Amino acid sequence: MSVKTLTPPAVQLAAKADTRGPARPMPKPGMVTFRINGESKTLSIAPWTTLLDALREYANLTGTKKGCDHGQCGACTVLVNGTRINSCLTLAVMHDDHEITTIEGLANEGGLHPLQTAFINHDAFQCGYCTPGQICSAVGLMNEGQAKTEADVRELMSGNICRCGAYPHIVDAVMEAIKK
Amino acid sequence: MNPFTYARPDSVDKALGELRTNPTAKFIGGGTNLIDLMKENIEHPTRLVDVNRLPLGGISELPDGRLRLGATVTNAETAYNELVKTRYPLLSQTILAGASPQLRNMATNGGNLFQRTRCYYFYDTSMPCNKRQPGSGCAAIGGYNRIHAILGTTSGNADATSPTACIATYPSDMAVALAALEAVVQVTGPNGERSINFADFHRLPGNEPQRDNTLEANEIVKSIDLPAKGFTENHTYLKLRDRSSYAFALVSVAVGLEMAGNTITDARIALGGVAHKPWRKPEAEQLLVGKAATPENFQLAADNLLAGAIGYGHNTFKIDLAKRAIVRALGEATN
Amino acid sequence: MTYIGQPVKRVDGYDKVTGKAKYAAEFNVPGLTYGYVVSGTIAKGKITRIDSSRALAVPGVIQVFTHENRPHTAWFDINYKDLDAPPGSPFRPLHDAQIKYSGQPVALVVAETFEVARYAASLVVVEYNEEAHETSLEANLDEARDPKSGMADLLKPKPPKPRGHADKALAAAPVSVQTHHVHGPQHHNPMEMFGTTVVYDGEQKKGKPHFTIYDKTQGAPSSQLYVKQIFGFSSDQVRVISPYVGGGFGSGLRPQYQLFLAVMAAKELKRSVRVTLTRQQMFTFGHRPETVQDVALGASADGTITALKHRAVGATSQFEDYTEVVVNWSGMLYDVPDTTLEYQITPLDLYSPLDMRAPGGVTGDHAIETAMDALAYELKMDPVELRLKNYSEKDWTVGDKPYSSKELRECFRQGAERFGWENRNPEPRATKRGNVLVGWGMATGIWDANTLPARAEAVLTVNGKLRVSSATADIGTGTYTIMTQIAADTLGMPIDDVIFKLGDTDMPLAPFQGGSFTAATIGSAVKQVCTDLGKKLFKLAQKSKGSPFYDADYDEVRFADGHMRLKKDPSVTMPLIDMVALNGGRSVSETSTSIVNPLKTSNYSRHTHSAAFVEVEVDEDLGTVTVTRAVSAIAAGRILNPRTARSQIIGGMVWGISSALQEDSKMDHRYGRFMNHNLAEYHVPVNADIHDLDVIFVEEHDEIVNPLGVKGLGEIGLVAMPAAIANAVWHATGKRIYDLPITLDRVLY
């Protein structure tokens, strides 16, 4: 095949392989204590462990999902002191003494959280992978109290990508929970 | 992500001390950009100094009518703050146009100022990038540059192989409103406190594209102070992007006007998504002062503002799009 | 029927809303190690040096695998062929120093923790000798050639030979249109990133190691076969399990390289290994290929189409001939005497493309259906009228076969009525709402309705419950739920007493989930095996002592309410749980294979159809397009569950909006590398992009396709949407935009 694309001069300047010098010493794990879903939990983790990885790989709470690991999808949404955040972009060590609520902590003896029930009733998911993040996000949204209309919900649920495209049903489910 | 140690000082002095003793230490606020960049192997701090529990919170009115936004206050708290909503609705609207609710709940006002560019080539460590690796060239020039700058780049730097070329943009929404509001950044450091006018806080790439702003080493942002004038009546933030939400701006416009009847008596226009810093041009704003709020006058200001803009191929449409956005935003602000 | 056709709630809903549903990278075992992939940075060339020494020096790093030290694997290409491999020579991870595409995996770091592996991966130094590459389809259209033939042709037939003289007819046509379409590549980007957890179970039978593999796949059997062939395992050494899949859309039709790497490492290290790709690495395997299409239509003044030409060229890799059905649909939709349909491929220095939701269908449909819209305007005909005028009663592309069912006319009628199409002003730019232009557009959609052979097992458990299983997948489609419904109805059991299991190679063999054929395929197998189990239960009951069914034939009984009853005297009854006792207290099981009768089906063209009606608002000053509402009328045979069915169609419509307005993998051809390889810059819709979406299921009876009359819904919701949106944008603005996606700059300039 003929060569039609020429390598630009910039390629010659291409980023050299890593120039950061020798490997650095490993960070020492330390004990971090937070309350996860109402229970005090102490984990031995190093500073470079994100809250998301701490939950999934260290606390075996895999309900919180990793959809991009860069704050671009919302699958990792959890509640910290009642506020929804992306757990992939924060370090576990930054949250000692904080109250973390994950999808595993929403239901109680009385049964499912109203949003969980609404998601089932409205078929507000398909593959289910974004669902824990959607539900935690919706709990956060209700705590914030800013969403009144469907348009508000659409905008304020836009930090949670659903590749299956369940958005209309997610809006229905959240609206039902808001109205209750 | 490389290994690092972690500290959470409880005073500003201790925090500054951490950076003084370790030049490769970095402050972490919300972490929404820094941790992302660390995962991408773009930032390599050896120590993270958590500023979230420093006494830099709170939103308070100052005696002279200014409003002080604490550095560690989150974007969401700021946007929904009653004082901000009533006195600086432009800022509130602008913050809410950025990122997602989760990210706004994490990102701090101080940290927002340090967001780094979204340039694809900056983010891909296999690519040449003068901002990430000074002297390696700018792959965005001649490459896929839809989201890149049209203002504040120099034609002399249009050569991809130039060791200083950079057409990156600064991606913050909030900062566009802060530029329009002429906020002042209060910082402190080894040489004491100083105030930086917002227009001087971020910089153009010039010969040091690796530097995004004018903060000195070992300085810390304490607060962002808003002057009394809030343009509560006539303002708007218009953001154009490739989807309706949770996307960075192709072009955004923050407009604040003061009006007497249909006559404009003061005008601020700041652009986002088009340059290495929030873009203002006082000359263009002055064209509106004393003029009637008409589409023709808006167009004159827009043309003046974009005069000298340079397109790099995929982003050339942004020159005209920015003008359209300015005209529309001025129209909305005067309605 | 008690459950089929009812809006039963998803049986896996509870697990999904509580976080209990486990996906491939979520099976945690003691001693688990973590693999992190190092990706190549050039598009073509050779690795001249890999230095792993700094990575290996990091405490916690167990091994760094590269092409230089990887363990021996199978030699022949055939061993690397998965069940969905196109003709060619499949990509082999870490095979040699050759770089075939940018982002190719070049090393795997395995460490005791994820963080250590990630860090060490950044310390691996790779040096290359670059060669010139070709990644641009548009620059290489003259290299297009016919694809090689292979197994893929069975489900992806090549275009029919031309009939008549399309060029002549076109020249003679009083009215004609010609269109040219360029579609960029797209990536599936399911929310769950590809990951595999390989559990090393130690040495078992005869000292052979055993592995339990949790893989993200649309077909566990395909993953198992792939691993067996490459690593020389026997079936009893590897079990692949995949109970939940966080979205597929085609990306899981082939085993991806993390499976190979994880198994290789686990086998070599005798440790359990998890390898998860990053979102950036999700852009380093299959994608919807870039395509370039040309359509020409000629018509007489009354709207009869007299000439049809549709040509498409798609990109493929240098190592496999990936193909799609792009142009055949035009011939199926419009029975035009003078027709030429052509499809070719151009090999480029990319990874092989991979079927992505409605592969080829949505691509070709956008071209033909926007051309039809342009033709309608030229003819001053309503777009629906034009389609009715040229409605095909038979499918000439497969030899003039009738459609097994085709309620497309009803789709037009009901869709138009729901949408209010009769109020459309045919002139473009005629409708304003505030300061935005409003446009209405429509398009027809078509997709396959295949039913493949499959196996399933049904067990009446000792507790009197029914457990049915098949090694298929549920990527979010609702398979768990509809199979439970079918099983419950077939054996007349309360749905709560029925459980359906899938995604495990210990279960009976099933094809992967894809092509919209799972409901029909697995549904047929489930119905078959439950029927067969019923016969077995009948025999058990009949031969029992003093049986009330002693004189009865199987045809004379029916199953209902957990009982078997005599049809003529329902008081003669036996609870199913009693059959367990009759079987000596043991469960009763049956395994069956379902194969649709080819003599019956092969005489027909079997397809689903749709009509999409879309309203857009276009801000002409700023170029922004909003799909404010859309109606999809779907003819897809029997709807097993209107609740999950609606979700699938809505999802397809969202994909249509995404494809029409947002999705585009942007490559920098200087580097042969996708640059917007993340979810911030590769745009898919967020909640705020989606407004009023409405779905109509048109009643359609089809006795031909399969005994259930089911046609499948995975793709048909998407197919017509991009064309309908593009047509609506034209109606709003008067501007034809034939390329996708329709971003604001394309509207403005």
Side-chain angles (χ1 to χ4, degrees), chain B residues 1-4 36 38-42 44 99-101 103 118-128 139-147 160 171 238-248 250-251 253 295 314-325 327-329 331-332 335, chain C residues 39-42 58-59 102-103 114-116 118-123 126 128 278-280 435 619-626 657-658 661-664 666-671 673-691 741 743-749:
Chain B
M1 185 187 287
N2 59 265
F4 57 86
D36 182 28
M38 289 167 68
K39 287 178 180 178
E40 299 280 14
N41 289 314
I42 296 162
H44 317 102
S100 72
L103 291 166
R118 306 304 304 187
C119 171
Y120 319 111
Y121 300 89
F122 172 76
Y123 255 90
D124 186 331
T125 53
S126 72
M127 288 288 158
I141 296 172
Y144 179 55
N145 47 36
R146 178 177 178 80
I147 60 172
L238 176 66
K239 182 176 181 181
L240 298 173
R241 42 188 158 174
D242 280 327
R243 67 181 171 200
S244 309
S245 187
Y246 203 11
F248 292 96
L250 289 166
V251 168
V253 189
H314 294 99
N315 70 348
T316 306
F317 74 92
K318 284 166 62 168
I319 300 173
D320 182 59
L321 183 67
K323 293 181 191 175
R324 290 165 177 264
V327 172
R328 170 66 63 85
E332 286 182 3
N335 262 336
Chain C
S39 302
T41 57
I42 65 164
V58 176
S102 185
F114 169 71
E115 292 84 356
V116 169
R118 177 172 61 188
Y119 170 51
S122 75
L123 301 176
V126 187
Y128 305 93
T278 63
R279 184 51 69 181
Q280 184 170 323
N435 59 0
D619 186 321
E620 202 180 20
D621 295 334
L622 304 176
T624 50
V625 178
T626 308
I657 293 168
S658 190
L661 303 180
Q662 298 185 1
E663 280 184 64
D664 204 2
K666 299 305 288 192
M667 172 159 282
D668 184 332
H669 291 298
R670 299 171 309 167
Y671 301 100
R673 191 167 172 90
F674 291 115
M675 291 315 303
N676 56 340
H677 43 195
N678 59 65
L679 288 181
E681 297 298 340
Y682 182 88
H683 296 112
V684 300
V686 294
N687 208 319
D689 289 307
I690 304 303
H691 299 271
T743 46
L744 56 78
D745 46 318
R746 281 187 166 139
V747 174
L748 289 176
Y749 311 107

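Lettering of chains follows the sequences in order, A, B, ..., and the numbering in each one begins at 1. Note that these values count all heavy atoms, side chains included, but never hydrogens, waters or copies made by symmetry. Nothing here was measured: the structure is a model prediction, and the numbers come from that model.
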If you measure from [atom1] on [X] to [atom2] on [Y], what distance do you get to the nearest 0.5 Å?
{"X": "C:Glu681", "Y": "B:Phe248", "atom1": "CD", "atom2": "CZ", "value": "7.0 Å"}
{"X": "B:Asp242", "Y": "C:Leu661", "atom1": "CG", "atom2": "CG", "value": "10.0 Å"}
{"X": "B:Leu238", "Y": "C:Leu622", "atom1": "CG", "atom2": "CG", "value": "6.0 Å"}
{"X": "C:Asp621", "Y": "B:Arg324", "atom1": "CG", "atom2": "CZ", "value": "6.5 Å"}
{"X": "B:Thr125", "Y": "C:Gln280", "atom1": "OG1", "atom2": "CD", "value": "7.5 Å"}
{"X": "B:Tyr120", "Y": "C:Lys666", "atom1": "OH", "atom2": "NZ", "value": "8.5 Å"}

Open item on the list: Please evaluate residues B:Tyr121 and C:Asp668 with respect to the criterion side-chain contact (heavy atoms from CB on, under 4.5 Å), reporting the C-alpha separation (whole Å), side-chain torsions for both, the decisive distance (0.1 Å), and the verdict.
Closed with: CA-CA 10 Å; B:Tyr121 300 89; C:Asp668 184 332; 2.6 Å; yes
TODO: Heavy-atom distances under 4.5 Å only: say whether B:Arg241 touches chain C with side chain, backbone, both or neither.
DONE: backbone
Task: Check: C:Tyr749 and B:Thr316 side chains under 4.5 Å, non-hydrogen atoms - done: no
- [ ] Step by step, work out the side-chain contact (heavy atoms from CB on, under 4.5 Å) result for C:Asn687 and B:Tyr246.
- [x] CA-CA 10 Å; C:Asn687 208 319; B:Tyr246 203 11; over 6 Å; no
TODO: Among B:Ser100, B:Ala247, B:Pro3, single out the residue with the greatest number of heavy-atom pairs under 4.5 Å to chain C.
DONE: B:Pro3
Task: Greatest number of heavy atom pairs closer than 4.5 Å to chain C - which of B:Val327, B:Leu240, B:Asp320 - done: B:Asp320
Are any side-chain N or O atoms of [X] and backbone N or O atoms of [Y], one a donor and one an acceptor, separated by less than 3.5 Å?
{"X": "B:Arg243", "Y": "C:His683", "result": "no"}
{"X": "C:Asp689", "Y": "B:Ser244", "result": "yes"}
{"X": "C:Arg118", "Y": "B:Asn2", "result": "no"}

Report which part of [X] has an atom under 4.5 Å of a heavy atom belonging to chain B: side chain, backbone, both, or neither.
{"X": "C:Asp619", "result": "side chain"}
{"X": "C:Val625", "result": "neither"}
{"X": "C:Ile690", "result": "neither"}

Task: Taking every non-hydrogen atom, the tightest pair across C:Arg670 and B:Gly143 - done: NH2-CA, 3.2 Å
- [ ] Identify which of C:Ile42, C:Val686, C:Thr626 forms the greatest number of heavy-atom pairs closer than 4.5 Å to chain B.
- [x] C:Val686
TODO: Identify the residue among C:Asp745, C:Asp664, C:Asn676 that makes a side-chain hydrogen bond (donor to acceptor under 3.5 Å, both in side chains) with B:Arg146.
DONE: C:Asp745
- [ ] Begin with the C-alpha distance, continue with both residues' side-chain angles, and end with the deciding distance and a verdict on side-chain contact (heavy atoms from CB on, under 4.5 Å) for B:Asp124 and C:Arg673.
- [x] CA-CA 10 Å; B:Asp124 186 331; C:Arg673 191 167 172 90; 2.6 Å; yes
Open item on the list: Run the side-chain contact (heavy atoms from CB on, under 4.5 Å) test on C:Tyr119 and B:Met1 for me, step by step, so that the C-alpha distance in whole Å, both residues' side-chain angles and the decisive distance to 0.1 Å come before the verdict.
Closed with: CA-CA 5 Å; C:Tyr119 170 51; B:Met1 185 187 287; over 6 Å; no
